[in-house]
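Positions are given from 1, in the same order as the sequence printed here.
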Amino acid sequence: MTELAAHEFWQEIHGPGTFFSDGDFSTSYVAELDDGRQLRLPVRPLADGRHALASLIINQASFEVLDVLAQSLAERLKIFQVEVVAGLPTLGLTLAAAVAHKLGHSRYVPLGTSRKFWYRDDLSVALSSITTPSQQKRLFIDPRMLPLLVGRRVALIDDVISSGTSIVSGLRLLAGCGIEPVAIGAAMLQSSRWCETLDAAGLQWRERTVGVFSTPTLEMTEAGTWRRSAV
């Protein structure tokens, strides 16, 4: 398999069977969509040096890749009869806008971490993210956007669900506004760590969560390559 430069990831959807998706991986992981099409993702080693995850940064993806992932997620969300999409910052906003468009909506509702002077503290929650663990942020909803959500069938969208902490923050924020989403969506479900986090927030959430594809935790082999972890 030809190695990719850092800027070359997430730029192309490949046909079924273009790359071997079983066995060991070096610097890239081959993810498969339901129809067999493939997307190469960079392997990111974790702090322990023995495990790694496949990565997706959707606002660095090509328009082709974003379009395919948004269409695929929109198709999965149709059974929930979603009326409005709410997006989690920052990367989830790119996907949420595209999914809303694919669903035929005229707009979506972006949640945010940048506090505007008209925002209210009671319409915010602490936000934790696996990609920015040291940053103390709060997640806000613009009070002017609430009429778009209240009493409607809402889907909460992020680009990747990994630890599940960002999604739970979004759920807490919406719950404080009297809103319970009918669905949670993401392009990638990364490993299975998010399952326990969402179960702790409510046993209904896992069955309402859909992703375009899933990726496992990887573990290092004796040869220095990466293999799907058995755990």
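Within the 4.5 Å cutoff, side-chain heavy atoms of I141 are placed close to those of L149. Side-chain contact between L41 and W10 is present, with heavy atoms from C-beta onward closer than 4.5 Å. Side-chain atoms of M188 and T215, non-hydrogen and from C-beta on, do get closer than 4.5 Å to each other. Within the 4.5 Å cutoff, the side chain of M145 has no heavy atoms near those of the L111 side chain.
By the 4.0 Å N-to-carboxylate-O rule, D142 lies too far from R115 to be salt-bridged with it. A salt bridge does not link D48 with R50: none of the charged nitrogens is closer than 4.0 Å to a carboxylate oxygen.
With values rounded to the nearest 0.5 angstrom, K102 atom NZ is found 13.5 Å from L77 atom CG.
A donor-acceptor pair is defined here as one N or O able to donate and one able to accept, closer than 3.5 Å; such a pair exists between the side chain of T18 and the backbone of G15. No side-chain donor-acceptor contact under 3.5 Å links Q38 to the backbone of V30. At distances below 3.5 Å, at least one donor-acceptor pair connects side-chain atoms of S169 with backbone N or O atoms of A126.
Inspection of the R138 and S124 side chains reveals an N or O donor paired with an N or O acceptor under 3.5 Å. One side chain, E3 or S26, offers a donor N or O that lies under 3.5 Å from an acceptor on the other.
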V160/I57 under side chain to side chain contact (heavy atoms under 4.5 Å, CB included): CA gap, chis, key distance, verdict:
CA-CA 8 Å; V160 175; I57 307 296; over 6 Å; no
Could you go through the salt bridge (Lys or Arg N to Asp or Glu O under 4.0 Å) check for E75 and K78 one step at a time?
CA-CA 5 Å; E75 291 294 332; K78 283 182 179 179; 3.2 Å; yes
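Under the 30°/60° scheme for interplanar angles, the aromatic rings of F19 and H14 are found to stand perpendicular.
When the side-chain contact (heavy atoms from CB on, under 4.5 Å) test is applied to A5, the partners found at least two apart in sequence or on another chain are H7, E8.
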